[in-house]
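Have a look at the structure below before the remarks.
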Amino acid sequence: MLLLLKFDSKTIRKPIISKATLETNALINILRANVGARKGEMVVEVDDSKARDVEEVFRRFGVEVVELREGIVKDEGRCVHCGLCTSICPVEVFEFDENWRVVVREERCVHCGVCIGVCPCNALSLPVNSINKDLKFHTI
Amino acid sequence: MKKTIEEINRKITEGSVCVVTAEEMKEIVEELGVERAAKEVDVVTTGTFGAMCSSGVFMNFGHSDPPIKMQRVWLNDVEAYTGIAAVDAYLGVTQLSESRGMEYGGAHVIEDLVRGKDVELRAISYGTDCYPRKKIVTEIALEDLNQAVMVNPRNAYQRYKAATNSSDRILRTYMGTLLPNYGNVTFAGCGEISPLNNDPEYRTIGVGTRIFLCGAKGYVIGEGTQHAPPFGTLMVKGNLKEMKPEFMKAIVMPGYGVTMMLGIGIPIPILDEEMAKATAIRDEQIITEIIDFGVPKRDRPVVKRISYAELKSGRVEINGEEVRVSPLSSYYMARKVMEELKKMIERGEFFLTMPVERIPTSGVLKPMRQREVKLVKSVMTKAVTISPETSVVEASKIIIEKNVNHLPVVDEKGVLIGIVTSWDIAKAVATGRIGKVAEVMTRKVITAMPDEPIESAARKMEKFNISALPVVDSRRRVLGMVTSEDLSRLLAR
Ligand code: SF4
Ligand code: SF4
């Protein structure tokens with residue numbers, strides 16, 4: 001399960017990830033992080049069986065938690081199947097099918113947001129409001 | 001076994017013509033051989049669908065009352081060229097909107113017109129006795145225009161250089177986003193199904209050839225600009241009023257600008273065995289080069305020679321590592337173009353023409369005649385370098401004594417490991433961090449190479465908001481410094 005964690009100025013300074021690991025014994029894999037002076041966002045991966053408990057800990061410390069159930073969304077009306085996104089996505093979400101159409105394997109998506117700024121047709125978006133405008137993930 | 005265009009056209013009228021797509025033709029020749037394929041197939045349809053920046057539309061708006069001789073004209077705030085007759089203008093696809101910048105441009109105006117939308121026309125003039133009006137603002141749609149003719153100086157590139165990026169930063173280019181350290185490769189063109197590759201001698205594609213241009217019938221009007229076989233190009237025209245929106249697409253290459261993807265299809269008559277052989281060409285036989293956009297010069301280094309087959313496989317090897325490859329053209333759409341053209345011919349709606357004149361089968365692409373290209377090495381000054389062991393206080397003395405603002409920090413071999421500026425030193429002193437410079441220096445240093453053009457160094461400084469770059473050799477040994485003051489003095493001229 002992928003979780004989007006939103007920290008505010010109070011929670012950002014606390015070692016909450018470590019606490020969550022200690023309390024729940026769950027391995028927490030940080031896929032993406034952007035931490036500023038006053039707020040921060042993080043995408044983490046936890047085993048489905050432990051997701052509930054981990055979420056519980058984060059919430060208790062005042063962290064906003066969003067479950068990222070859906071991956072990247074491609075607007076079929078806009079996509080021209082140019083394939084630019086296929087070499088950009090770090091986890092190879094985009095592939096050509098046998099008719100040279102670009103298909104999306106969204107279950108692999110780790111919400112890094114990189115592809116969104118690369119598509120020349122503005123066809124890609126992430127379903128939850130995970131990319132805060134002022135805290136853009138400068139992965140690229 | 002020879003056929004003429006007239007015979008083929010007669011078959012089209014009778015409904016007995018045999019049309020296949022370029023993709024199908026490869027299989028047919030493989031199966032039946034050149035001789036039988038030439039006998040059975042009459043027409044091969046080829047197609048391409050990709051970004052073609054050198055495109056635009058001539059328009060005639062009709063006269064207003066009182067009339068105006070347009071001096072400047074904007075359509076949805078995108079300027080068109082009107083240095084021709086009073087109400088004629090040329091709108092190029094890459095022209096950007098004056099209010100919306102990179103998000104909207106000429107290509108979007110053209111697509112909006114084809115989709116039947118109203119567009120705001122605004123024009124100004126100095127006013128004359130015959131054209132007294134000085135200003136006009138109105139709405140127009142495609143049907144209101146007397147003529148709207150797409151005329152594209154350079155389209156349908158036969159093949160194109162592929163791109164990669166050796167530098168350590170992301171590049172936003174007309175070849176798409178290029179990831180650092182050879183992170184990906186992008187290429188353009190449709191290879192074996194692309195029109196000119198199927199008639200490499202340009203026997204049937206020439207001035208006057210009727211083509212499929214964005215859903216309408218269009219014509220080749222000559223070789224395109226920068227035509228340099230086997231990197232051939234075409235100049236084409238077609239009636240915008242007959243075009244279909246699904247065969248054109250305004251796009252924004254992030255960080256680069258607006259352009260337009262166009263669908264072009266060309267029918268190739270199989271006049272003889274030679275044409276059957278030509279249309280059997282495979283991606284393996286179409287060779288291009290991967291060039292390095294990490295080097296900001298016109299003559300970018302070639303990383304590798306490569307075939308379209310390798311590029312289309314989605315992965316290539318560079319320096320022993322597998323690198324993912326993205327096309328920029330859409331094969332899916334190029335196929336649609338081939339299929340559509342095939343249907344038009346089969347339905348008897350599209351007849352073939354022979355060129356009235358051939359286009360050149362050779363040519364070279366000359367570089368611009370320029371005033372001398374200034375390189376960084378000609379403007380760099382001596383660098384005052386220090387070791388990481390230098391104390392902050394010592395560094396501040398050097399800055400004052402030598403009257404410099406930047407001190408590159410080097411190891412014992414002269415290799416750059418950091419930089420301190422007078423600002424870093426002042427800040428360190430103010431906050432009481434007066435230990436070694438190693439503790440206060442910036443480690444990620446933006447640098448220049450000695451034979452880099454000065455424009456490229458200037459762009460780096462602007463982009464990273466810094467005022468000087470250490471000049472380093474390939475082993476990152478410091479050779480000198482180049483400062484924004486030195487450059488602005490030169491570039492201002
Ligand atoms: S980059 Fe955009 S238009 Fe191109 S294939 Fe990907 S989603 Fe489609
Ligand atoms: S958001 Fe990141 S992981 Fe998801 S599809 Fe885009 S590039 Fe791939």
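Below, chain A is the first sequence line, B the second, and so on; all start at residue 1. The shown structure was predicted, so the numbers you read here are calculated from the model rather than taken from an experiment.
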All heavy atoms of B:A22 vs all of B:E192, minimum pair found to be CB-O, 4.3 Å

Option in B:G176, B:G314, B:P327 with maximal non-hydrogen atom pairs under 4.5 Å from chain A: B:P327

Cationic tip of B:K312 above B:Y331 ring, under 6.0 Å, 45° of axis: yes

For the aromatic rings, using the six-membered ring if either is Trp, is the centroid distance between B:F293 and B:Y174 under 6.0 Å? yes

For B:S329, is it the side chain, the backbone, both, or neither that has a heavy atom closer than 4.5 Å to a heavy atom of chain A? backbone

Can you tell which part of B:V252 gets under 4.5 Å to a heavy atom of chain A, answering side chain, backbone, both or neither? both

Heavy-atom pair of closest approach, residues B:M338 and B:G47: CG-N, 3.4 Å

Please flag which part of B:K336 lies under 4.5 Å from any non-hydrogen atom of chain A: side chain, backbone, both or neither. neither

Separation between OG1 (B:T279) and CD (B:E23), nearest 0.5 Å, reads 13.5 Å

Between B:R169 and chain A, which part of the residue has a heavy atom less than 4.5 Å away: side chain, backbone, both or neither? neither

Applying a strict 4.5 Å limit to non-hydrogen atoms, the region of A:E95 in contact with chain B is neither

Contacting region of B:V323 [heavy-atom separation from chain A under 4.5 Å]: neither

Regarding B:N165 and B:Y182, is there a side-chain donor-to-acceptor distance under 3.5 Å anywhere? no

Side chain from CB out, backbone as N, CA, C, O: work out which of these in A:F96 comes under 4.5 Å of a heavy atom of chain B, or both, or neither. side chain

